[in-house]
Amino acid sequence: MEQVKDNMKITVITVCFNASSEIEKTLESILNQTAIDNMEVIVIDGGSTDGTVEKIRRYESRLTRFISEPDKGIYNAMNKGIALSTGDYVNFMNAGDSFFNSEVIADVISEVGRMEHRPDVIYGATVFTYPDGYAGQLSDLSLMPGHMGACHQSIFVDGDMIRKAKFDESFRISADFELMNRLYNEGARFAELKKYVAVYNFDGVSESVSGRLRGIAERRRVRNQSVSPLMCRIDDLRCRAGMIRRRITDKIRRIAGLPSQIASHVPLEEIKQL
């Protein structure tokens with residue numbers, strides 16, 4: 001295993017397409033990191049026509065690389081970013097998402113610096129965005145293999161490893177899920193950063209009905225399970241029924257005076273770093 005480097009560099013890749021209302025929030029959260037001198041910032045735009053490119057241009061002097069051209073989907077764009085990266089670790093912070101605070105990259109470098117050997121994958125906790133507020137959630141490596149274990153915005157992968165592995169572009173929605181499971185099954189060494197890393201915006205293709213079903217099909221494919229429309233519908237119904245059951249159970253607990261088991265949705269400023 002490679003020894004930890006004192007001059008560690010973290011590559012942060014942002015991919016976007018027609019994200020004019022969100023791109024500046026994301027770029028500000030990246031470029032305001034206190035460890036910016038240890039960072040490489042790459043932005044891959046898919047040929048936006050809504051003013052996104054013009055907003056990115058305002059930050060171009062602070063970016064390592066910026067490309068705006070048509071692509072073949074989000075993972076094709078992410079692979080373009082990977083090919084341009086040179087960092088010891090690579091993270092994806094896409095338009096609409098942001099780092100939890102300005103110390104995240106410094107925390108990652110500090111945490112790795114205390115290790116005798118560098119892990120292949122570092123994963124942290126995530127704050128999820130809901131219509132009525134925010135809620136934090138810890139990552140859980142015990143869910144792997146077969147589940148993601150952590151949000152990809154809160155994951156840092158060894159640069160040499162991800163430049164070799166890349167995303168499988170035959171997966172349109174769940175290539176991050178496939179990559180993490182592939183690395184895990186190949187024996188990659190995972191290490192937990194017990195801090196919030198990212199604030200994740202649910203507003204994406206995988207959260208639509210069609211996107212959700214396609215995501216289920218792709219995850220079943222990773223697990224070598226049947227991807228028939230019927231089985232995907234059954235999985236979706238099971239998931240939705242489970243959510244309803246948890247909400248009903250939690251409501252009964254509250255009526256009985258017992259503590260809630262579902263995290264409350266609160267303003268972001270009320271969520272403190274772990």
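All values below were derived from every heavy atom in this structure, side-chain atoms included, with hydrogens, water molecules and symmetry-related copies excluded. Fair warning: this is a prediction, and the values are worked out from it, not measured in the lab.
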* Structure fact -> Rounded to the nearest 0.5 angstrom, the NZ-CG distance for Lys55 and Asp50 is 8.0 Å
* Cation over ring face, Arg118 and Tyr89, 6.0 Å, 45° -> yes
* Salt bridge or not for Lys164 and Asp160, using N-O below 4.0 Å? -> no
* Would Arg114 and Ser110 count as having a side-chain donor-acceptor pair, cut-off 3.5 Å? -> yes
* To do: Could you tell me whether the side chains of Glu28 and Tyr59 share a donor-acceptor contact shorter than 3.5 Å?
  => yes
* Checking Arg172 side chain against Arg214 main chain: does a donor-acceptor pair fall under 3.5 Å? -> no
* **Pairing of Arg247 and Asp250 as salt bridge, 4.0 angstrom limit** => no
* Structure fact -> Tested for side-chain hydrogen bond (donor to acceptor under 3.5 Å, both in side chains) against Ser170, the lone hit among Glu218, Arg221, Glu178 is Arg221
* Structure fact -> Those residues at least two apart in sequence (or on a different chain) that pass ring-ring contact (aromatic ring centres under 6.0 Å, His included) with Phe190 are Tyr184
* To do: Spell out, yes or no, whether Ile82 and Phe17 are grouped together once hydrophobic residues are joined by side-chain heavy atoms under 4.5 Å, including indirect joins.
  => no
* Met231 and Val227: same hydrophobic cluster, using ILVMFWY side-chain contacts below 4.5 Å? -> no
* Asked: Under the 3.5 angstrom rule, does the side chain of Thr26 hit a backbone N or O of Gly96 as a donor-acceptor pair?
  -> yes
* Which is it for Lys195 and Val104 under the side-chain contact (heavy atoms from CB on, under 4.5 Å) test, yes or no, and what are the steps along the way? -> CA-CA 8 Å; Lys195 290 181 179 294; Val104 169; over 6 Å; no
* Applying the 4.5 Å side-chain criterion to the ILVMFWY set and letting contacts propagate, would Leu138 and Val127 be lumped into a single cluster? -> yes
* **The single option from Arg65, Lys72, Glu69 passing side-chain contact (heavy atoms from CB on, under 4.5 Å) against Lys80** => Glu69
* To do: Mark yes when over 12 heavy atoms from residues, nucleotides or ligands other than Arg223 sit less than 6.0 Å from its CZ; otherwise mark no.
  => yes
* Asked: In terms of heavy-atom contacts, does CZ of Arg233 have more than 12 from other residues, nucleotides or ligands at under 6.0 Å?
  -> no
* **Interatomic distance, Thr129 atom OG1 to Asp97 atom CG [nearest 0.5 angstrom]** => 7.5 Å
* Asked: Checking Arg253 side chain against Pro259 main chain: does a donor-acceptor pair fall under 3.5 Å?
  -> yes
* Going from CD1 on Ile155 to CD1 on Ile122, what distance comes out if it is rounded to the nearest 0.5 angstrom? -> 11.0 Å
* Are the aromatic ring centres of Phe92 and Phe167 under 6.0 angstrom apart? -> yes
* **Point-to-point distance, once rounded to the nearest 0.5 Å, from CD1 of Ile109 to CE of Met39** => 8.5 Å
